[in-house]
Amino acid sequence: MTDGGRGRLIALEGIDGCGKSTQARLLADRLGALLTFEPGATALGRSLRSLLLDRDQPPVAERAEALLMVADRAQHLAEVVTPALEAGTWVVTDRYSASTLAYQGYGRGLDASGLHQLVAWATGGTDPDVTVLIDVPVDVAAARRRESHEDRFEAQGVQFQRRVAEGYQRLVTEATRPWLVVDGTGPVDEVAARVWSGVENCLGPEVGSER
Ligand code: TYD
């Protein structure tokens, strides 16, 4: 979808196994938006994703992990997101800055103010027009994940996912930018309908006028 002005940026967020990748795809399809994701949507990002997520890669220190996540984002913005927004294209991204704040901040326990500064610096202030949290209980999300394909974060266990989930709730409470919390339990199409009506409410009638 493109229109005359700058495009809008919509980020989908949530714990591992919450279903946000499916919802990001459905939302992007319905909006006619560009669908993208983090980490790993660029050539550099694919290398970083492997270093960050593959369990057979050497250990990554927590601060290095945060820096590599935001490096992926800076490259993603430069190559994919910013050119699309400038061309008037709407963008749906499966994860964005809130993932760093939730996973590296609340999950790993890195200090929030440093991470906020790091994220702001890496994005140059490009914030989502709305961030959609697909809210699913930790045990429901755990049951949806297939253990044989666990990456480094999924392998951190339930306590880690619990801290990340609490982190997301804190981010929503403290947010200065629009967040939408969507109940992610139940059938895919029901969750998709909730996401759609929330986004429509948040971003206005433009969204509803089928594009
Ligand atoms: P994702 O691709 O959503 O996982 P999946 O392939 O299981 O759907 O995200 C990969 C992992 O990276 C996820 O566990 C969250 C983590 N992550 C961070 O820790 N910090 C970040 O800034 C980002 C973007 C992702």
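Every number for a ligand or one of its atoms is a count from 1 in the order of the listing.
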Taking atom 9 (O) of ligand 1 as the reference point, the nearest protein heavy atom with its distance: Arg95 NE, 3.1 Å
Could you tell me whether the side chain of Arg152 and the main chain of Gln57 form a donor-acceptor pair under 3.5 Å? yes
What are the atoms of ligand 1, with element, lying closer than 4.0 Å to any heavy atom of Phe153? 11 (C), 12 (O), 14 (O), 16 (C), 19 (O)
Strictly by salt bridge (charged side-chain N to carboxylate O under 4.0 Å, His left out), give each pair with a member in residues 32-41 just once, sequence neighbours left out. Glu38-Arg73
Quick one: nearest non-hydrogen protein atom to atom 20 (N) of ligand 1, plus distance? Gln104 OE1, 2.8 Å
Charged N to carboxylate O below 4.0 Å: is that the case for Arg49 and Asp72? no
Rest of the hydrophobic cluster containing Leu26 (Ile/Leu/Val/Met/Phe/Trp/Tyr, side-chain heavy atoms under 4.5 Å)? Val188
Protein heavy atom at shortest distance from atom 22 (O) of ligand 1: Thr100 OG1, 2.6 Å
Check this for me, if you would: do Arg162 and Glu166 make a salt bridge, where the nitrogen-to-carboxylate-oxygen distance has to be below 4.0 angstrom? no
Between Asp129 (side chain only) and Leu9 (backbone N and O only), is there a donor and an acceptor less than 3.5 Å apart? yes
Closest approach of any protein heavy atom to atom 8 (O) of ligand 1, naming residue and atom: Ser21 OG, 3.9 Å
Starting from atom 7 (O) of ligand 1, which protein heavy atom do you reach first, and at what distance in Å? Glu154 OE2, 2.8 Å
Which protein non-hydrogen atom lies closest to atom 13 (C) of ligand 1, naming both residue and atom, and how far is it? Asp16 OD1, 3.2 Å
Protein residue, atom and distance nearest to atom 10 (C) of ligand 1, heavy-atom basis: Leu53 CD1, 3.6 Å
Under 4.0 Å from any heavy atom of Arg73, which atoms of ligand 1 are there? 22 (O), 24 (C)
Test item: Gln23 side-chain N/O and Ala192 main-chain N/O as donor-acceptor pair under 3.5 Å: yes
Using heavy-atom distances, let me know which of Glu13, Met69, Arg49 sits nearest atom 6 (O) of ligand 1. Arg49
At under 4.0 Å between heavy atoms, what of Lys20 touches ligand 1? The answer is side chain
Would you say the side-chain atoms of Thr123 pair up with the backbone N or O of Val119, donor to acceptor, closer than 3.5 Å? yes
